[in-house]
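This report refers to the structure that appears directly beneath it.
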Amino acid sequence: MKKTDLNKKIGQRIIDQRTKRGFTQADLARACGKDRQAIEKLESGKVNPTLYTLYEIAKALDISITSLVDFKAS
């Protein structure tokens, strides 16, 4: 899998989990100490998230990091 494809898949997972919880991008950004533009870039696959960023997002969404990156389950 290409890095760009992986980034887009992770971004889509973030969108799915965020909307499932009724969060806006701004809500998620506040919950994990980022700005809304950073969340938008992550969700669109424009940036390669660090492990720590994924940890912060997963914590804010009350999910495991694995649920953001395990594509065998889909």
Side-chain angles (χ1 to χ4, degrees):
M1 180 181 314
K2 293 181 190 177
K3 182 170 38 172
T4 55
D5 295 336
L6 180 62
N7 290 346
K8 287 178 183 177
K9 283 187 171 203
I10 291 171
Q12 188 58 54
R13 287 273 174 92
I14 294 169
I15 291 168
D16 294 344
Q17 293 296 322
R18 174 178 61 76
T19 56
K20 183 177 178 181
R21 284 158 181 73
F23 284 15
T24 64
Q25 286 181 340
D27 294 334
L28 179 56
R30 274 190 296 279
C32 62
K34 306 257 180 249
D35 59 31
R36 191 203 56 77
Q37 291 84 0
I39 299 300
E40 187 278 325
K41 288 178 183 175
L42 284 167
E43 289 183 349
S44 66
K46 293 178 183 173
V47 296
N48 189 21
T50 65
L51 181 59
Y52 190 72
T53 296
L54 292 175
Y55 166 77
E56 291 176 312
I57 289 171
K59 186 175 174 186
L61 293 171
D62 195 29
I63 58 174
S64 69
I65 292 174
T66 306
S67 66
L68 293 175
V69 297
D70 184 5
F71 298 107
K72 290 185 285 184
S74 43

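Heads up: numbering here begins at 1 and tracks the sequence.
- The salt bridge (charged side-chain N to carboxylate O under 4.0 Å, His left out) pairs that include a residue from residues 45-54 are E40-K46, where partners are two or more places apart or lie in different chains.
- The distance from the CZ atom of R13 to the CZ atom of R18 is 15.5 Å, given to the nearest 0.5 Å.
- Qualifying side-chain contact (heavy atoms from CB on, under 4.5 Å) partners for D62, counting only residues two or more places apart in sequence or in other chains: none.
- Applying the ring-ring contact (aromatic ring centres under 6.0 Å, His included) rule to pairs touching residues 19-47 yields nothing, sequence neighbours excluded.
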Anything under 3.5 Å between a donor and an acceptor, one on a side chain of residues 30-38, the other on a protein residue two or more places apart or in another chain? List them.
{"from": "R30", "atom 1": "NH2", "to": "D27", "atom 2": "OD1", "distance (Å)": "2.8"}
{"from": "K34", "atom 1": "NZ", "to": "E56", "atom 2": "OE1", "distance (Å)": "2.8"}
{"from": "D35", "atom 1": "OD1", "to": "Q37", "atom 2": "N", "distance (Å)": "3.4"}
{"from": "D35", "atom 1": "OD1", "to": "A38", "atom 2": "N", "distance (Å)": "2.8"}
{"from": "R36", "atom 1": "NH1", "to": "Q25", "atom 2": "OE1", "distance (Å)": "2.9"}

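- For residues 26-65, the ring-ring contact (aromatic ring centres under 6.0 Å, His included) pairs, not counting sequence neighbours, are Y52-Y55.
- Annotation: side-chain contact (heavy atoms from CB on, under 4.5 Å) contacts of S67 (sequence neighbours excluded): I63, S64.
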Q.
Between T19 and T24, does the side chain to side chain contact (heavy atoms under 4.5 Å, CB included) criterion hold? Intermediate values first, please.
A. CA-CA 7 Å; T19 56; T24 64; over 6 Å; no
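- Applying the side chain to side chain donor-acceptor pair (under 3.5 Å) criterion to T53, with sequence neighbours excluded, gives T50.
- Expressed to the nearest 0.5 Å, how far CD1 of I14 lies from CD of E43 amounts to 6.5 Å.
- Cluster membership check: L6 shares its hydrophobic cluster with I39, using side-chain heavy-atom separations under 4.5 Å among Ile, Leu, Val, Met, Phe, Trp and Tyr.
- By the side chain to side chain donor-acceptor pair (under 3.5 Å) test, Q12 is found to be paired with D16, residues two or more places apart in sequence or in another chain being considered.
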Q.
Would I57 and L42 count as a side chain to side chain contact (heavy atoms under 4.5 Å, CB included) here? Give the steps.
A. CA-CA 10 Å; I57 289 171; L42 284 167; 3.4 Å; yes
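- Applying the side-chain contact (heavy atoms from CB on, under 4.5 Å) criterion to K3, with sequence neighbours excluded, gives N7, N48.
- K41 is linked by a salt bridge (Lys or Arg N to Asp or Glu O under 4.0 Å) to nothing, counting only residues two or more places apart in sequence or in another chain.
- Nearest heavy atom pair, residue L68 against residue L54, reads CD1-O, 4.0 Å.
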